[in-house]
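Sequence positions, counted from 1, serve as the residue numbers for this chain. Ligands are counted one by one from 1 in listed order, and the atoms in each one are counted from 1 as well. Just so it is clear, the model here is predicted, and its values are computed rather than measured.
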Amino acid sequence: MITRRSASELAKMRRSGQVVADVLRQVTEKVQPGATTWDLEETADAVIRQHAATSAFRGYHGFPCVLCASVNEQVIHGIPSRKRVLKAGEIVSLDCGVVLNGYYADHATTVVVGASDQVPAPVQKLMRVTQQALVDGIEQARVGNRLGDICHAVQQRAEGEGFSVVREFVGHGIGTHLHEDPQVPNYGEPGKGVKLREGMVLAIEPMLNQGAAGVQLLSDGWTAVTADGGASAHFEHTVAITKEGPWILTQP
Ligand code: MG
Ligand code: MG
């Protein structure tokens, strides 16, 4: 069942979205060679507290942290660790969800460690295209379109630029729970699926791989990595569908 949100609910979700945007802004500032992914977790935890919000991730099916930090070939759900020291030329995907006053927001970005030119050019392109795929998907989040229009736009951008789309993980509705109906795959057919209506809120989150689409789960039970070891990037916004067009609740 897809729940549509009233204007006052969207206003609350906007506040949650601004919290998580601030978390990722401050965590991104801490991404530098020599930092550990645990340092990023501590920053995220502190910022969530400053806003008197609560992590949507810690304790979710037993996930131990407030932040997912997924480095290089890690696709999503990387667990922050004191042992994982970031090195120049790596990329790290940062994913965070919060709940404030009962309403959730979910947001992810992928950033470089050190200077951009230390990252191999194909990986820089992977990041650019994944972000553009998110923009393309959001552009379709309009009253009267169908869910498949979003999914197809993401897939078309990804595959048109030579990258592959992760199938095992998908975007989702969001509101008073972190994950609600509908599922939002990063692949699909235009004109198919449910009709998009005012008040629907979707977490749109392309995950693109440099090589093949396949992923594997590490023995920690959480971290998803590319099967071929190629790099992966992830961008996510929480987006409300309004009469005026897509409203990106997690945009600062
Ligand atoms: Mg997320
Ligand atoms: Mg999500």
Output field: ring centroids His179/Tyr60 closer than 6.0 Å
yes
Hey, what's the ring geometry for His237 with His107, parallel, tilted or perpendicular (30° and 60° as the breaks)?
parallel
When you check the gap from the basic side-chain N to the acidic O, do Glu90 and Arg84 get nearer than 4.0 Å?
yes
With a 3.5 Å cut-off and sequence neighbours excluded, list the donor-acceptor pairs that the side chains of residues 161-173 form with protein atoms.
residue: Ser164; atom: OG; partner: Gly211; partner atom: O; Å: 2.6
residue: Ser164; atom: OG; partner: Ala212; partner atom: O; Å: 3.4
residue: Ser164; atom: OG; partner: Ala213; partner atom: N; Å: 3.3
residue: His172; atom: ND1; partner: Leu178; partner atom: O; Å: 3.0
residue: His172; atom: NE2; partner: Asp106; partner atom: OD2; Å: 3.0
residue: His172; atom: NE2; partner: Glu205; partner atom: OE2; Å: 3.1

Polar protein atoms (N, O or S) that approach the Mg ion (ligand 1) to under 2.8 Å
Asp95 OD1, Asp95 OD2, Asp106 OD1, Glu236 OE1
Closest non-hydrogen atom pair, Arg4 against Glu198
NE-O, 2.8 Å
Distance check below 2.8 Å: does His179 bring an N, O or S atom to the Mg ion (ligand 2)?
no
Report yes if the side chains of Trp247 and Leu10 come closer than 4.5 Å at any heavy-atom pair, otherwise no.
yes
